[in-house]
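Structure record follows, encoded as structure tokens.
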Amino acid sequence: MTPTITVMKRELRSYFLSPIAYVIGAVFLSFVGYLFFQMLFIEFGRAAQARMDLYFYLLPIAFLFLAPALTMRLWAEERKLGTLELLLTFPVKTTPLIFGKFFAGVVFIAILLLLTLPYPITLASLGNLAWGPVIGGYLGALLLASSFLALGLFTSSITRDQIISLILSIVALAVFYLMGSGLLQYLFSARVVAVLTELSPFTHFNSIARGVIDIGDLIYYVVFCGFFLFANSVMIEIKKWQG
Amino acid sequence: MIQVQNLVKQYGQVTALDRVSFEVPSGQVLGFLGPNGAGKTTTMKILTGFLYPTSGEVTIDGLDVLESSLEVRRRVGYLPENNPLYGDMRVDDYLRFVAEIRGIPKSQTEGALDKVTHTCGLGGVIKKSIIELSKGYRQRVGLAQAMIHEPEILILDEPTSGLDPNQIVEIRDLIRSLGVDRTVILSTHYLQEVEATCDNIMIVARGRLVAEGTAPELIARMPAGPICAQFVGDPDGIRHQLGEAFHGAQIDRVPMPGDEENGLASFRIHVRQEVDRDAREAIFDLAKGNGWKLLELEREQATLEDVFRKFTTSETPVPVGSEVVAA
């Protein structure tokens with residue numbers, strides 16, 4: 001447990017010491033702020049309903065870019081600078097290192113999500129906000145972001161080039177987005193589409209964000225994260241053999 | 001005690017290490033010499049568990065580096081090539097991070113930190129960001145990182161590369177003091193460095209161990225050096241007589257300052273083979289017989305540099321143990 005926390009603390013510190021965190025945070029929060037005011041003055045004004053649907057509808061798209069930007073350097077940079085050699089020769093197994101980096105990203109995203117809490121609170125003070133979907137939305141958002149981070153961390157372990165990691169994970173996430181979007185029904189049979197839809201993290205987010213917290217969806221995210229974190233450890237082992 | 005047996009490492013088609021075997025007894029300071037790409041760094045990466053060998057066996061204190069990787073890593077302090085550091089951290093934060101991840105108990109961390117700060121002379125920069133430090137100080141931070149857990153074994157990949165001569169002397173002294181009570185393996189391009197710090201030297205070339213021994217032992221394996229002699233007398237006559245006495249030897253006139261004015265002649269004689277007796281005896285007898293006054297007679301000593309060049313430039317590496325043919 002302790003090495004996980006040690007690595008997580010170092011990565012979080014490194015996020016906040018570098019301008020990346022602030023740029024990503026600022027872009028994300030202004031995007032969310034824009035969405036919120038869009039809802040407040042247009043949607044909310046018209047429908048006279050306190051809702052955050054649009055916010056939770058667009059949040060996955062924001063994460064599709066944000067999560068890869070947060071994970072791209074986590075392994076690639078260590079490999080490039082050679083600090084990986086230190087990390088992998090400390091008397092620590094690989095798993096805590098991976099978890100430490102993963103949870104640093106999760107905590108960072110959780111902080112960003114916390115910073116958007118004033119929006120639903122404002123909404124609640126103005127109208128009658130249904131908290132169910134909002135709580136579901138936040139939980140779903142954190143799970144969705146975590147699954148993206150796990151995937152991004154894996155792509156970062158493949159290469160020593162951050163940009164390649166960034167592109168690989170954005171492309172992979174875009175494919176998952178398509179799988180969940182229903183657009184594929186023009187290409188594949190209904191049965192295939194049903195399976196592909198079920199495999200996409202975006203699909204499971206939608207049901208949680210509706211306020212329905214199903215144990216199956218939670219298990220899905222745990223398995224999805226577990227799969228990519230495991231793939232990450234396999235990749236590190238492979239590179240030890242290859243050199 | 002480090003034991004390496006038939007170590008092979010292949011990167012795809014390229015063989016970086018080809019059946020390397022050696023032993024390092026506890027408490028020894030071993031210097032790895034060899035041209036770039038010879039396999040020094042690869043060996044160190046395998047010893048520290050960063051890379052897996054293709055085949056062969058490596059044990060440290062009887063522990064296999066693959067099977068008991070964590071235990072081995074606990075006993076080893078490692079300064080990787082190019083001394084990678086987290087530049088965005090402060091020196092003390094970085095060393096605390098290393099202490100923490102190495103599992104040094106919280107209560108002992110500050111003590112360990114003070115100790116390495118003192119040993120590595122980091123007192124003045126401890127609160128500075130690593131990125132602001134000069135190369136010499138960064139190297140000390142790297143060394144401090146490698147020894148914060150007081151390892152029995154230190155593996156240092158080019159600990160003095162890129163430093164200025166003063167810094168090199170400082171780091172060298174530090175390594176020598178560290179080597180008093182622990183095993184140290186270091187690699188370097190500086191030959192004086194191994195002479196100054198190492199108990200034993202290994203020369204690697206093209207992935208193979210080509211020579212091993214102490215500096216004097218390695219030098220002794222070199223062919224006898226040329227003989228320098230200075231006479232009073234006629235240069236051409238002396239050269240002729242020397243040529244008669246040493247058949248096939250290369251005899252060079254050495255233009256020493258003052259020779260012309262004082263009627264002196266200096267030569268360097270590359271004797272091909274000394275069968276029965278030392279060539280210097282023959283030269284002395286020759287001078288005596290011809291009535292030349294002999295002012296100087298000296299054999300040039302081979303240096304570690306000659307050893308290095310001999311073992312690392314030949315097309316086919318000479319396997320360890322084979323006799324060096326006298327020239």
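Chain naming here is simple, since letters A, B, ... match the order of the sequence lines and numbering starts at 1 in each. Below, each value reflects all heavy atoms present in this structure, side chains not excepted, and no hydrogens, waters or symmetry copies.
- Side-chain contact between A:P68 and A:L173 is present, with heavy atoms from C-beta onward closer than 4.5 Å.
- Of the charged side-chain nitrogens involved, none lies within less than 4.0 Å of a carboxylate oxygen, so that B:R75 and B:E150 do not count as a salt-bridged pair.
- By number of non-hydrogen pairs under 4.5 angstrom with chain A, the leading residue of B:T48, B:D88, B:I101 is B:I101.
- Ranking A:V92, A:L81, A:L17 against chain B, the residue ahead of the rest is A:V92, based on heavy-atom pairs under 4.5 Å.
- Heavy atoms of A:Q242 lying under 4.5 Å from chain B belong exclusively to its backbone.
- A:K93 touches chain B through backbone and side chain together, each having a heavy atom under 4.5 Å away.
- The ring of A:F103 has its center no closer than 6.0 angstrom to the ring center of A:F108.
- Interface residue B:L85: only backbone heavy atoms are found under 4.5 Å from chain A.
- Without hydrogens or angle criteria, A:T159 side chain to A:D161 main chain gives a donor-acceptor distance under 3.5 Å.
- Between chain A and the residues B:E100, B:R74, B:K45, B:Q10, the most heavy-atom pairs under 4.5 angstrom are made by B:E100.
- With a 4.5 Å cut-off on non-hydrogen atoms, A:L97 touches chain B through its side chain but not through its backbone.
- Within a 6.0 Å sphere centred on OH of B:Y11, other residues, nucleotides and ligands contribute more than 12 heavy atoms.
- For B:F22 and B:F32, the distance between ring centers is under 6.0 angstrom.
- Other residues, nucleotides and ligands contribute more than 12 heavy atoms inside 6.0 Å of the NZ atom of A:K240.
- Neither the backbone nor the side chain of B:E71 comes within less than 4.5 Å of any heavy atom of chain A.
- Contacts with chain A were tallied for B:Y86, B:F97, B:Y78; B:Y86 has the most, counting heavy-atom pairs under 4.5 Å.
- When B:P84, B:G12, B:G103 are compared by the number of non-hydrogen pairs under 4.5 Å with chain A, B:P84 comes out ahead.
- The part of A:E78 that comes within reach of chain B is its side chain, from C-beta onward, which places non-hydrogen atoms under 4.5 angstrom from that chain.
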